[in-house]
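Down below is the structure, laid out as structure tokens.
Bear in mind that the values here come from a model prediction, so they are computed numbers and not experimental data. Each ligand, and each atom within it, is numbered from 1 in the order the structure gives.
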Amino acid sequence: MQIQRVQQVQPWIGRPETEAIEACLERNWLTEGPAAAAFRQNLGQLTGSPHISFAPNGTLGLFLALLALDLPRGSEIIIPGFTFMASASAAVFAGLKPVLIDVDPNTFAARPEAFERAITSRTSALMPVHIYGQAANAAEIAQLGRRRGLAVIEDAAQACGVRYRGQHAGTFGDVGVISFFADKSITMGEGAVVMARDPALARRISLIRNQGRESSGTFVHEMLGMNFRVTDLQCALGNAQLARLPQVRADRLRRYNLYAEALAGLPQMRLMRLDPNSDFIPFRFPLLCPRMPELREALENASIQTRSMFYPLHRQPCLQGLIDAVDLPICDTLFGEGLCLPIHQGVSDEDVRRTCSIIRHTLMQESVAC
Ligand SMILES: Cc1ncc(COP(=O)(O)O)c(C=O)c1O
């Protein structure tokens, strides 16, 4: 019997999504309209954010937020070295210099103390990143920002529905961004939401994203802006997906626990520590193992697609010359030993058991490197 390949990423799409998009087409309203209004309202309820705008994706959402913050050109923004490239590229395109810090070896998020240590007279902003489905301690990082007069922009790309001590990720600082890319817990295909605290900042965001004017159809532009708008089709998709979030959360948690139980007791393996202050909606099943390359190969040979963890930002070729040289040993270890297993709705319990038995079998064999 042919085994079906287990993909790393697979959106969960069905009738509700098709019907929502068909309704848009039948209304013949394609730009941000009724579906965007409904999605904005539902996201407001989910996150508690008073000011919500959409962006074409998380990367441009971060860029838009930084443009609106209007931080001094060449000033420094402190960013964890363990994140997707977009956290840093948005900052560079906004004229800022990323200063990279190491992360906690257990939760993989940068701690408030690490941000504090990196602050200099050149710092203008802090960017906590919520990683792998749990929230960083953005509450304390936002307090630090307020105490030191620094902007706080939260990269909550991976954290839709995730709360820290009951408050939604991305709503602690001045502004936060959630991505709805196709690999996220829920998706718009491409898309993001930008959440601002302050009405004046929210207004700047809404002007910049709409060509520097209050509403489309007018030709007087109060300020220079761009087009960061999305379509009603994307919002209809996002809204249908949002209704699935409780089920996605429950199913992913169940699958996470299945993985964790089946891998328990393997001495060469370490899992991410779950912060009791944070909710958890697993984004992947991340694990650390010094024999990660062997595991990756064995799983690939069994048609199970895995993914490595982030290549550390301080080693990214495109950032050389734009950042100062730093040593980030935890980021290096996470890249060297980290492996992500798929956890989406298309992964069956049988897939989880098969994956774990391949991992056990591989680790029980002599290491080829020895
Ligand atoms: C931590 C983090 N930041 C930013 C982004 C960028 O979001 P997008 O892919 O929507 O541009 C991602 C996306 O995968 C991410 O994981």
Side-chain angles (χ1 to χ4, degrees), residues 7-11 39 43 52-67 77-94 96 98 100-101 103-104 107-110 125-136 138 141 152-162 164 168-170 173 175-195 209 226 228-231 234-235 237-238 241 272 278 281-286 307-314 316 318-319 331 334-335 338 340 342-344:
Q7 308 283 356
Q8 177 66 201
V9 169
Q10 191 179 299
F39 193 29
L43 284 170
I52 285 185
S53 304
F54 294 112
N57 52 59
T59 310
L60 287 175
L62 290 169
F63 180 52
L64 170 62
L66 288 165
L67 287 181
I77 178 165
I78 302 173
I79 304 176
F82 186 70
T83 176
F84 184 53
M85 186 62 215
S87 315
S89 54
V92 172
F93 276 106
L96 304 175
L100 303 175
I101 55 172
V103 294
D104 182 287
T107 62
F108 312 165
L126 314 175
M127 186 190 283
V129 182
H130 305 278
I131 219 78
Y132 289 156
Q134 52 176 349
I141 297 163
V152 174
I153 161 161
E154 293 175 64
D155 182 340
Q158 299 182 0
C160 182
V162 177
Y164 190 83
H168 200 286
V175 58
V177 177
I178 299 173
S179 162
F180 295 114
F181 180 60
D183 73 341
K184 303 297 182 279
S185 307
I186 62 162
T187 185
M188 302 164 71
E190 294 271 7
V193 63
V194 182
M195 303 172 291
R209 71 185 293 279
M226 297 291 288
F228 287 94
R229 299 186 306 257
V230 296
T231 65
Q234 288 166 287
C235 292
L237 176 58
Q241 287 269 291
M272 178 172 77
S278 171
I281 304 184
F283 177 63
R284 308 265 193 254
F285 184 88
R307 192 161 280 179
S308 70
M309 291 192 183
F310 297 121
Y311 189 60
L313 287 191
H314 68 299
Q316 290 290 356
C318 63
L319 286 179
C331 293
L334 294 180
F335 175 68
C340 291
I343 201 156
H344 53 77

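In terms of N/O distances under 3.5 Å, ligand 1 is approached by G58. Between D183 and ligand 1, no N or O atom pair is found at a separation short of 3.5 Å.
Side-chain atoms of Q241 come within 3.5 Å of backbone N or O of T187 as a donor-acceptor pair. The backbone N or O of I131 sits nowhere less than 3.5 Å from a side-chain atom of Q158 that would complete a donor-acceptor pair. Judged purely by atom type and a 3.5 angstrom limit, Q316 uses its side chain to pair as donor or acceptor with the backbone of Y311. No side-chain donor-acceptor contact under 3.5 Å links H130 to the backbone of A157.
With ligand atoms numbered from 1 in the order given, ligand 1 contributes 7 (O), 8 (P), 10 (O) to contacts under 4.0 Å with heavy atoms of S179. For ligand 1, the atoms lying closer than 4.0 Å to a non-hydrogen atom of T83 are 1 (C). Near A157, meaning under 4.0 Å from any of its heavy atoms, are these atoms of ligand 1: 2 (C), 3 (N), 4 (C), 5 (C), 12 (C), 15 (C). The ligand atoms of ligand 1 that sit less than 4.0 angstrom from a heavy atom of K184 are 13 (C), 14 (O), 16 (O).
Ranked by closest heavy atom to atom 16 (O) of ligand 1, the top entry among M85, M188, Q158 is Q158.
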- request: Could you please spell out the steps behind the side chain to side chain contact (heavy atoms under 4.5 Å, CB included) verdict for C340 and F283?
  value: CA-CA 9 Å; C340 291; F283 177 63; over 6 Å; no
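At a heavy-atom distance under 4.0 Å, only side-chain atoms of D155, from C-beta outward, approach ligand 1.
Between F310 and F84, the ring planes lie tilted relative to each other; the angle falls in the 30° to 60° range. Between F54 and F39, the two ring planes are parallel [angle under 30°; tilted spans 30° to 60°].
What sits closest to atom 11 (O) of ligand 1 on the protein, heavy atoms only, is T59 OG1, 2.5 Å.
Residue contact annotation: E190 has no non-hydrogen atom under 4.0 Å from ligand 1.
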